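Computed from a prediction, not measured in an experiment: that's the story for all the values here. Throughout, protein chains are lettered first and strands after them, A, B, ... in sequence-line order, and every chain is numbered starting at 1. Any value given below was found using the heavy atoms of this structure, including those in side chains, with hydrogens, waters and symmetry copies removed.
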Amino acid sequence: MRLILELALTHIAGRGRQTIVAILGVALGVGFSIAMAALMQGTEKDFIAQLVDTMPHVQISDERRTPRRQPAEDLFSAVQFEGLRPKEDRRGILNPAAAFASLRSWVPGRMAQSLRTQGVVRYAGRDVGVSIIGIEPEIEATVSSVAGDFVEGSFDALQAGGNNIVVGDTLAQRLGASMGTTIQLVSPTGQSRGFKIVGQFHTGSNARDEGETYVLLKNAQILSERPNAINEIRLRLDDPEAAPRVARQAEAELGYKAVPWQEANESLLEALVVRNVVMYTVVGAILLVAGFGIFNIISTITHEKARDIAILKSLGFTQRNMRRLFLIEGLTLGFAGSVAGWLIGFLLCFALSQLEFKLSGAAVGREITRLPLFWTPWHYVIASAFALGSAGVAGYLPARQAARLNPVDIIRGAT
Amino acid sequence: MSALIEAEHLTRILPAIVPVTLVRDVSLTVGEKEFVAVTGPSGSGKSSLLYLLGLLDRPTSGTLKIAGQDTSQLDDDELARLRLESLGFVFQFHFLLPEFSVLKNVELPMRKAGYLSASEMSDRATSLLEDLGLAGHLDKRPDQLSGGQRQRVAVARALANDPHVVLADEPTGSLDSKSSEQVFTILQDLVRKRGKTVIAVTHDMDIAARVDRRIHLVDGKVVSDERVAQAVV
Ligand SMILES: Nc1ncnc2c1ncn2[C@@H]1O[C@H](COP(=O)(O)OP(=O)(O)O)[C@@H](O)[C@H]1O
Ligand SMILES: [Mg+2]
């Protein structure tokens with residue numbers, strides 16, 4: 001009703017300074033919420049993108065989740081085994097060629113097989129424990145993010161004659177080795193061979209730069225005395241979100257443990273959920289405080305305007321009209337605050353996006369130069385919805401009180 | 001003469017630890033085109049009776065019919081509607097909305113009723129205010145007017161929806177004698193020229209002497225109710 005709206009605006013306009021404080025309260029609440037949400041979701045997305053980018057989306061290994069059913073169990077119903085562990089099969093994934101082929105027929109994405117084993121790099125009297133990963137260079141390049149992180153050389157260089165190896169730059173530094181240096185690789189079975197460094201990568205992740213080495217699959221098999229064995233199939237999917245589904249299907253088909261990236265990073269992802277809960281709590285608290293500002297001003301107005309209420313009611317305005325009047329006043333403040341908050345939020349995001357950080361890679365794991373901010377209209381909508389919700393409640397409580405007021409009591413008091 | 005207001009055994013008791021009886025067993029009938037003065041000592045329940053007749057308050061017992069309609073059957077919203085369309089109030093203090101112009105204050109009840117277009121409302125408010133001698137003050141705010149002028153605005157507002165009855169609680173109580181006389185003349189004209197019924201609470205014996213009917217209250221009870229033949233002015 002236009003009349004009610006006009007009355008509401010008149011009341012609000014009559015309290016200039018308090019109105020501005022209330023609106024500013026909501027605006028800051030909304031603005032900070034928007035900026036915070038953008039930052040939180042931005043860093044989260046950035047973080048996950050980084051995970052998805054650097055990790056295989058599904059990793060199938062030669063382990064099994066549960067021990068094989070024992071023959072005795074089939075024969076005797078009373079037999080029960082305790083403390084069984086899946087057997088470690090030194091042969092790796094059985095019949096890898098068939099497994100690989102069947103996966104290829106349905107998996108939406110690319111895949112690579114490899115043999116991962118532990119070993120020691122020995123050079124100039126130093127021993128460093130590393131993972132030795134045997135790969136097929138041309139396939140690996142399509143699956144691994146390392147292919148894009150080469151400082152020198154490439155996976156392809158492994159195929160140039162002789163025994164070649166690719167190492168992380170940190171490992172090379174620790175060893176004091178460089179391109180062309182031949183280092184000794186010692187396998188758990190005691191095999192030892194010399195490999196020439198033909199490539200160095202820098203992923204930004206210390207664990208990898210210091211602990212991963214790549215050789216040809218054939219060389220890894222020889223080194224670990226497991227001819228034709230592979231113990232890892234890594235999938236890189238067109239849609240990383242499909243990983244859990246693909247993993248489940250692969251596991252059902254092959255019987256080997258298939259871990260989607262979400263599962264591999266469960267604790268990290270859980271930490272993100274906790275972070276979001278913390279964020280929403282803080283945002284909620286900010287807007288609640290803003291709601292108190294509105295409650296305060298509407299209460300003040302209803303007390304100060306008790307006479308107006310009496311006048312309007314004596315003229316024939318109903319309780320519902322009065323409730324609506326003060327509710328509209330609260331919502332108007334909430335709305336004005338929201339709109340101002342959008343501007344503040346937008347400017348804050350802009351300012352944050354302009355900030356530059358100089359962080360060295362070693363400490364953070366990856367160099368961040370700009371804050372990652374995620375922009376979505378939903379942040380604006382949600383913050384406003386919160387603000388309007390609390391404004392509505394903050395307006396409704398005093399409004400209900402005021403509407404119940406008996407005009408006679410006030411008129412009597414004034415006379 | 002058809003009855004506009006029929007009150008039977010109206011009693012209003014304020015519930016409290018020691019209940020206060022404001023109005024005690026009042027029965028009266030007021031017809032069309034009557035000019036009634038309610039007199040009595042301070043605290044005798046004049047205002048309380050007026051609030052009951054004006055549907056601002058509900059009686060503890062007794063019945064009140066406005067234009068034949070039993071008001072005890074109506075809910076608060078229906079009472080508010082009846083108040084809006086059939087009754088006009090003028091209080092001792094003008095009770096205008098301070099932020100609104102004179103014209104807007106008078107338009108307010110019409111806008112609430114919602115029967116007229118914006119221009120019709122503005123025309124009607126203007127002509128009401130002009131009739132009451134406020135032609136040059138339409139856009140002023142209430143605090144820019146004198147007491148007598150404000151009270152005349154209040155009368156104009158009371159007339160906005162063309163009610164049958166105008167209830168006035170000591171309308172001249174805060175005015176000097178010249179303004180009092182003006183306001184009295186206006187109320188008198190409402191009865192004589194516009195055919196309204198006016199019920200006015202007053203302390204002013206001078207005014208009370210010049211109405212058609214005087215109801216005297218003591219201690220919430222009607223002690224006398226006399227019709228006076230007035231010479232036609
Ligand atoms: N809220 C109240 N609590 C207690 N007594 C009241 C209250 N309102 C009015 N009264 C008493 O009721 C009586 C009638 O009041 P009122 O109708 O205002 O009288 P009048 O208008 O004739 O002066 C007075 O004695 C007054 O003191
Ligand atoms: Mg009184």
- prompt: Taking 4.0 angstrom as the limit, do B:Arg58 and B:Asp76 come out as a salt bridge?
  reply: yes
- prompt: Are any of the side-chain nitrogens in B:Asp162 or B:Lys196 under 4.0 Å away from the carboxylate oxygens of its partner?
  reply: yes
field: Interface residue of largest heavy-atom contact number with chain B, from A:His11, A:Lys313, A:Gln319, under 4.5 Å
entry: A:Lys313
- line: Cut-off 4.5 Å, heavy atoms of chain B, and the answer for A:Leu7 is both
query: At a heavy-atom separation under 4.5 Å, does A:Leu3 approach chain B through its side chain, its backbone, both, or neither?
result: both
query: Take atom CZ in A:Arg320; do more than 12 heavy atoms of anything else shown fall under 6.0 Å from it?
result: no
field: Contact leader toward chain B among A:Ala310, A:Ala13, A:Pro407, A:Ser314, where contacts are heavy-atom pairs under 4.5 Å
entry: A:Ser314
statement: If you tally heavy-atom pairs under 4.5 Å between each of B:Asn161, B:Leu56, B:Leu55 and chain A, the highest tally belongs to B:Leu56
- prompt: Do any N or O atoms from the side chain of A:Thr19 and from the backbone of A:Ile12 form a donor-acceptor pair under 3.5 angstrom?
  reply: yes
task: In plain terms, say whether B:Arg124 and B:Glu120 are close enough for a salt bridge, that is, a side-chain N and a carboxylate O under 4.0 Å apart.
output: no
